[in-house]
Participant: 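Let me begin by handing over the structure; questions about it come next.
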Amino acid sequence: ACVSVGKFRQAEALLESLKAAAGAAGRPMVSAYNLILKGHVAADNLDAARRAFGAMSARGLSPDAVTFNTLISGFVRRGDVAQARALLRS
C-alpha cells in the first residue's frame, strides 16, 4: 500500500523490519524488494530502483524474472536501452 501511494520512505522502513524478521528467508524478501522496485520505476526514479537492486544483491538475494522485467521496462520507457541491455546480460 505504501508503494502504490508513493510513500517510499515508509515502504523502505517496512522492508527493514521484514529483513530483521525474515532472517535468511529469501523468497518473501525478493517479493518485498520487487514491490519497492516497482514503486520507484512507476515514479520514474530509476536511480533509487538501482540502489534497491544493489541492496537486494548485497543481501545475497537472487533477482527473479519480476525483478528484471520491472527494471528493464523502466529503462526502456525512459529510452535507456543500453541500461536495459546491460541488465539482460547480467
Side-chain angles (χ1 to χ4, degrees):
C2 293
V3 170
S4 64
V5 295
K7 295 183 177 182
F8 299 112
R9 289 189 198 279
Q10 285 180 331
E12 289 172 354
L14 287 170
L15 182 61
E16 291 301 316
S17 297
L18 280 174
K19 285 180 195 177
R27 183 69 218 148
M29 290 305 302
V30 171
S31 296
Y33 272 103
N34 286 342
L35 287 172
I36 298 292
L37 290 169
K38 181 180 176 182
H40 285 310
V41 168
D44 197 35
N45 190 351
L46 297 179
D47 291 334
R50 287 293 275 179
R51 284 192 303 275
F53 180 74
M56 180 180 177
S57 298
R59 183 167 168 77
L61 298 171
S62 297
D64 61 11
V66 173
T67 309
F68 284 110
N69 286 339
T70 300
L71 289 170
I72 289 168
S73 68
F75 285 120
V76 168
R77 264 184 280 161
R78 185 184 269 185
D80 193 345
V81 177
Q83 276 293 336
R85 285 187 180 152
L87 279 170
L88 283 172
R89 282 180 267 191
S90 64

Participant: Mind checking salt bridge (charged side-chain N to carboxylate O under 4.0 Å, His left out) for Asp44 and listing every partner two or more places apart, or none if nothing turns up?
Facilitator: Arg78

Participant: Calculate, to the nearest 0.5 Å, the distance between atoms CG and NE2 belonging to Leu71 and His40 respectively.
Facilitator: 10.5 Å

Participant: How long is the span from the CG atom in Leu61 to the OG atom in Ser31, to the nearest 0.5 Å?
Facilitator: 10.5 Å

Participant: Please report the interatomic distance CZ(Phe68) to CG(Leu37), rounded to the nearest 0.5 Å.
Facilitator: 10.5 Å

Participant: Please identify each residue that fulfils side chain to side chain donor-acceptor pair (under 3.5 Å) with Ser57, with sequence neighbours left out.
Facilitator: none

Participant: Considering residues at least two apart in sequence or located in another chain, which fulfil the side chain to side chain donor-acceptor pair (under 3.5 Å) criterion with Arg51?
Facilitator: none

Participant: What is the distance from atom CZ of Phe75 to atom CD of Gln83, rounded to the nearest 0.5 Å?
Facilitator: 4.5 Å

Participant: Applying side-chain contact (heavy atoms from CB on, under 4.5 Å) between Asn34 and each of Thr70, Val66, Asn69, report the one that passes.
Facilitator: Val66

Participant: Can you pull out every salt bridge (Lys or Arg N to Asp or Glu O under 4.0 Å) where at least one residue sits in residues 81-90? Sequence neighbours excluded, please.
Facilitator: none

Participant: If you define the side chain from C-beta out and look only at heavy atoms, does anything of Arg50 sit under 4.5 Å from Asn45?
Facilitator: no

Participant: For residues Ser62 and Val30, report the shortest heavy-atom separation together with the two atoms involved.
Facilitator: O-CG2, 3.7 Å

Participant: Should side-chain heavy atoms under 4.5 Å link Ile, Leu, Val, Met, Phe, Trp and Tyr, which residues sit in the same cluster as Val81?
Facilitator: none

Participant: Nearest 0.5 Å please: distance from the CD1 atom of Ile72 over to the OG1 atom of Thr67.
Facilitator: 10.0 Å

Participant: Can you name the nearest heavy-atom pair linking Leu46 to Gly74, along with the distance?
Facilitator: CD1-O, 3.6 Å

Participant: Among the clusters formed by ILVMFWY side chains lying less than 4.5 Å apart, do Leu35 and Val41 turn up in the same one?
Facilitator: no

